[in-house]
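Naming: A, B, ... by sequence-line order, numbering from 1 per chain.
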Number of protein chains: 6
Amino acid sequence: MRPSGRSTSQVRPITITRNFTAHAEGSVLVEFGDTKVICTASVEENVPRWLKGKGQGWVTAEYGMLPRATHTRNRREASSGKQGGRTMEIQRLIARSLRAAVDLEALGEQMITVDCDVIQADGGTRTASITGAMVALVDAVNSMIEKGTLKKSPIKGMVAAVSVGIYKGEAICDLEYLEDSAAETDMNVVMTEEGKMIEIQGTAEGEAFSHEELLAMLALAKDGIADIVTMQKQALES
Amino acid sequence: MRPSGRSTSQVRPITITRNFTAHAEGSVLVEFGDTKVICTASVEENVPRWLKGKGQGWVTAEYGMLPRATHTRNRREASSGKQGGRTMEIQRLIARSLRAAVDLEALGEQMITVDCDVIQADGGTRTASITGAMVALVDAVNSMIEKGTLKKSPIKGMVAAVSVGIYKGEAICDLEYLEDSAAETDMNVVMTEEGKMIEIQGTAEGEAFSHEELLAMLALAKDGIADIVTMQKQALES
Amino acid sequence: MRPSGRSTSQVRPITITRNFTAHAEGSVLVEFGDTKVICTASVEENVPRWLKGKGQGWVTAEYGMLPRATHTRNRREASSGKQGGRTMEIQRLIARSLRAAVDLEALGEQMITVDCDVIQADGGTRTASITGAMVALVDAVNSMIEKGTLKKSPIKGMVAAVSVGIYKGEAICDLEYLEDSAAETDMNVVMTEEGKMIEIQGTAEGEAFSHEELLAMLALAKDGIADIVTMQKQALES
Amino acid sequence: MRPSGRSTSQVRPITITRNFTAHAEGSVLVEFGDTKVICTASVEENVPRWLKGKGQGWVTAEYGMLPRATHTRNRREASSGKQGGRTMEIQRLIARSLRAAVDLEALGEQMITVDCDVIQADGGTRTASITGAMVALVDAVNSMIEKGTLKKSPIKGMVAAVSVGIYKGEAICDLEYLEDSAAETDMNVVMTEEGKMIEIQGTAEGEAFSHEELLAMLALAKDGIADIVTMQKQALES
Amino acid sequence: MRPSGRSTSQVRPITITRNFTAHAEGSVLVEFGDTKVICTASVEENVPRWLKGKGQGWVTAEYGMLPRATHTRNRREASSGKQGGRTMEIQRLIARSLRAAVDLEALGEQMITVDCDVIQADGGTRTASITGAMVALVDAVNSMIEKGTLKKSPIKGMVAAVSVGIYKGEAICDLEYLEDSAAETDMNVVMTEEGKMIEIQGTAEGEAFSHEELLAMLALAKDGIADIVTMQKQALES
Amino acid sequence: MRPSGRSTSQVRPITITRNFTAHAEGSVLVEFGDTKVICTASVEENVPRWLKGKGQGWVTAEYGMLPRATHTRNRREASSGKQGGRTMEIQRLIARSLRAAVDLEALGEQMITVDCDVIQADGGTRTASITGAMVALVDAVNSMIEKGTLKKSPIKGMVAAVSVGIYKGEAICDLEYLEDSAAETDMNVVMTEEGKMIEIQGTAEGEAFSHEELLAMLALAKDGIADIVTMQKQALES
């Protein structure tokens, strides 16, 4: 039923390449099938002004797409003079998801900014971003421990994300572009490694969805995310 | 347990005042307790450029807050030169929710813009906005039928929204500001009058939430929205 | 002669509702006939950077219109990314008028920002704004005295405003939209309660106006403003 | 009494140099004492979109100041990314004043843009701008007649402007910077060559001003403008 | 003498990977040592408005850097709301260089936009960008020929670029970051495959440079570019 | 061969008028034929934030054109909300050129901003700007010495600029607009008074240029700049 021949519960081949670029404290290329995102985590010994003196750190995220990551060229946001609503929405989602993985007080007055830049898009760029950003974040934290600016890791556990949806009447996991653009419902789920929920954002594209459909999608998301967390951990161990 | 003494499932007193201002085709003041939003629906016999000649209409939404709708004054977005990420996120949510209520082909090449402007905020501004905007949209459609620019209503049914959350360990419905700022989880649910889901956006503010907590919140949302749809219909009949 | 049947010197029915919204130190809904403006005064224990350490306070104002306050929808300034020239011109006028009512040194290093947001427009939005903003300002000052951040009121006296014009060859007072759009001359006058002038801005829309016409308009303005100050004082006493 | 030794009614030495730069259809350097403004009028055989097909033309104006036209350097507006409120207010005033001098229907579907750029500021830049812009406008119109794109002049008569104010308790005409910054009241008056009023904008800087003071200022303005119109005409004849 | 041990005339190892991403008509990853740039060429059957109906095509370029391509994170230009002067300068240089390689009339009314996005920076990003963009451009042109929207190639010949400079008193070729930041003079040279000059931009960073130094740098540039053109051609043949 | 009848090596009549406007520490009107630029140098006892405490000063530049300095009116950059790429490129070039003339440590923690505003353009605005800005800079430095904020001049020597190009197959010096728009190659050269190079920016507009052509252009530039430096010095002595 699926264009790729995948089963309804099957995620795409996922690759997580650490140390992808040279300068960032954490740098990951994450691939969910043909979706490719560069995630870099940058450490600053400083916090935003509104957090100064509060004895805690901050984690934030920015998201971008190269103009030709997509089938047709999108206008460069730097040139149009502002980030679009979709970009804003996604980077806020990534940032909230990452903060859920970190004990901000244990981080101390330091800030980590994770940049997620999509170099090729084929659906699921936000869930791939969260998944790769989490690994870059762990690498950045480890570099801080090595450098001595952190005593112990403030990471509370892994966080990962996957998209699920209703496609041709059935719940499927990890939608690629062809599925995404034809799906009746599209839902992004972010979970902890224990399978508890951090973010859930479901949208009926055509028909409204039922409680049963929601449950079916959530079950797929839970299994998919468990698989993805395993891959995150393997990448971090290699 | 709740600051207001409400039961966990109880929504705030809701008032829907139609024809609140004079010029718009639909104009509603919606109040969810102390949250007050002016929703106006404006009709244009025209569609955005990218829809020209496709034989369908469009429904969109914009959201704003008066600078002193909140406890402390927020900077005016018109003066800072851009809409913030939260504003963008909310107006996209309102617009998608409204489009789910409308048969865009039946609307023909016409556009309806719904402006939701919060004049007083006490939690739940986005769900109040969707609820009031839906009524303003119906009024605008009826004015088009009267005027003869529409033959019959393209409205597929009512859409309404409510926030739910986990507060002091329990699921509650329609959070006011005091609850919202202390909630462990905050979820916005948009449903059709048949109780099917259009949008669901849940965020763990502190702890991740469990499947059981999600189900408890959804049950409250379903009942709350059913009550709210009843109020929408009463308002439209009066 | 006038569309409303008013005499040439008659102002529209004016309503001043205090405590219109909950959070601001001063919050007023002012209505000049069908023109309705929400005026909120917000206190900050702080001054703009260029005033720091000079031992005086500041009063400023911002002006906005809801997109559908007018007959056809105007583009939202927050979305277009800048405030238009008309908006800038009006908010500068409001701010200067309010500062004329306040002894800035007696205010100490504190700032009051008055937001005037038009929710329904039918001519005279700037004069209604000044009139309502003055009342909100007094309420804010009184809240500061109650709170103990001010010892005594720095208000030097009331300030109010009205529009006058030449319409069908005759001077009239307090123009509504129908008159405004057909007037040969349009003039906004801001006065103290003693009838002295703070601002006077007259514009020939069609024909240039004579000295005699100016005098006739000023006489109407003086009487109109005297009436409006009486209403401001009644509102403050109630 | 005045820093320059001028009598209260005396305007500064005024110079109007036509054909100051090479490319514009009208190009004037106007000097009011040490205030120097370059005014260029540019003709376009086209009108703004909202005027297309209405059988009339348009006249508009833009105003700017070189960053170091003033005692201390001002930030370049092109670099800060927006025009300030003062700039907007002034260019709207110039544009309205010029349109009062032109029969827009007789202009046909053509547009004239007058740029007023202050190269040295010593008070009264807006009134000098209007005075110089009027001469540049006449030159541009004459070039159109010569070129054959206009049959006869749509100019209804000359328009000129002067500032007046209350300084050390007395009404004076054509304020220079030292006077302007110390004036109790500052008023800009724009009149036709017949002495009728087009714009009048008075602001109490310190104390409110009385009816008598207004009359005294207007009398000075009328005489000052009569002198200035004479100089405009002499410049056009030379 | 050079940090890398390279001879003064030696360029870094250069890699040109075609078809690096999936969607663009031309997509190249170009590496000059540790400098890595993604160059994508996008075809549009359309030209900018000012070229419509003139019977010729257009080639343009945009340049960006991922925020953490550099040693410390740079602010994202999309988020700061404008492209900096350096970005503008570079993308104008790339665009002019590419246009020098194309017969715009032979291209017909079509436009090619080349995006150069630096994912890792180690000096020479603009010369690497031009070199990679040229290959992406050829691929895009070939895809147009295959697709039938071009009959024959409008490419007049290869164009490539290299940086040269004066470092520790000697002329060197293809500066890496360590050399670039310490160089007395920095020059970017763009040449055709015949060794003729298209662009030359030299800047004295510290001391002014002599005619002899200029000649020495140009000689190195000519040889370096000849080597680079060979690599471009090999990449296109593979 | 040249429209003006000049020999290939002949620069246009150059005029340098000091003290052109009243307020700036250095103020120069520079004319290269019909190209006229106002250059003002403004002193601030302060440096940009990133230089604080480093014991050195800063010299920067901004460039602008009056909208009607050119044959047809250009949109005002302040009104369009951003400086174009050409403007950015030019002001960066001017700033680098001026900094090459100054010992920034000897300047101490002070900043000089030079504004170059073109009031009439006929080719070569950037080289005229650099030439005039240098003189304004010297005047500003001298005013600092007089005022006592500098002990001795940090100027290392004069810097001047000229454009050269290939026009009708021959190298020519100091191109006016007619030549510039028809030139095959256009090159801007900035040199010290000793004839060493500070900036060289050459662009092939049509055909690529040869090494011999480059040498011919450089020879003309050297002689032209020597003449221009003489004029700078004469202006400073008068």
Trainee: Among B:Thr87, B:Val159, B:Leu218, which has the most heavy-atom pairs under 4.5 Å with chain A?
Mentor: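 Answer, by heavy-atom pair count under 4.5 Å with chain A: B:Leu218.
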Trainee: Non-hydrogen atoms of chain B under 4.5 Å away: do they reach the side chain of A:Gln83, the backbone, both or neither?
Mentor: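 Contact with chain B: backbone only.
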Trainee: Take atom NZ of A:Lys52 as the centre, draw a 6.0 Å sphere, and report whether it contains more than 12 heavy atoms from other residues, nucleotides or ligands.
Mentor: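 It does: A:Lys52 NZ has more than 12 such atoms within range.
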Trainee: For chain A, find which of B:Arg96, B:Met88, B:Lys196, B:Met191 contributes the most heavy-atom pairs closer than 4.5 angstrom.
Mentor: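 Top count of heavy-atom pairs under 4.5 Å with chain A: B:Lys196.
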Trainee: Based on non-hydrogen pairs under 4.5 Å, which of A:Glu199, A:Glu207, A:Lys82 is most in contact with chain B?
Mentor: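 Counting heavy-atom pairs under 4.5 Å, the top option is A:Glu199.
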Trainee: Under a 4.5 Å cut-off applied to non-hydrogen side-chain atoms, are A:Thr203 and B:Leu93 in contact?
Mentor: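 Sidechains of B:Leu93 and A:Thr203: no contact.
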Trainee: Could you have a look at A:Ser97, A:Gly195, A:Gly84, A:Ala204 and say which one has the most heavy-atom pairs with chain B under 4.5 angstrom?
Mentor: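 Top count of heavy-atom pairs under 4.5 Å with chain B: A:Ala204.
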Trainee: Counting heavy-atom pairs under 4.5 Å with chain B, which one of A:Glu194, A:Gln201, A:Arg92 comes out on top?
Mentor: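 It is A:Arg92.
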Trainee: Starting at CE of B:Met187, measure out to CD1 of A:Ile200 and round the result to the nearest 0.5 Å.
Mentor: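 B:Met187 CE to A:Ile200 CD1: 6.5 Å, rounded to 0.5 Å.
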Trainee: Mind checking whether A:His211 and B:Met197 have side chains closer than 4.5 Å, heavy atoms only?
Mentor: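 Contact flag for A:His211/B:Met197 side chains = yes.
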Trainee: Can you tell which part of B:Arg99 gets under 4.5 Å to a heavy atom of chain A, answering side chain, backbone, both or neither?
Mentor: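 It is neither, since no heavy atom gets under 4.5 Å.
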Trainee: Please flag which part of A:Thr192 lies under 4.5 Å from any non-hydrogen atom of chain B: side chain, backbone, both or neither.
Mentor: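 Side chain of A:Thr192 only, per the 4.5 Å heavy-atom cut-off to chain B.
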Trainee: Please report the shortest heavy-atom distance between A:Phe209 and B:Ile198, naming the atom on each side.
Mentor: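 A:Phe209 and B:Ile198 have their closest heavy atoms at CE2-O, 4.1 Å.
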Trainee: Who wins among B:Thr185, B:Val190, B:Leu214 for the most heavy-atom pairs under 4.5 Å with chain A?
Mentor: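 The residue among B:Thr185, B:Val190, B:Leu214 with the greatest pair count is B:Leu214.
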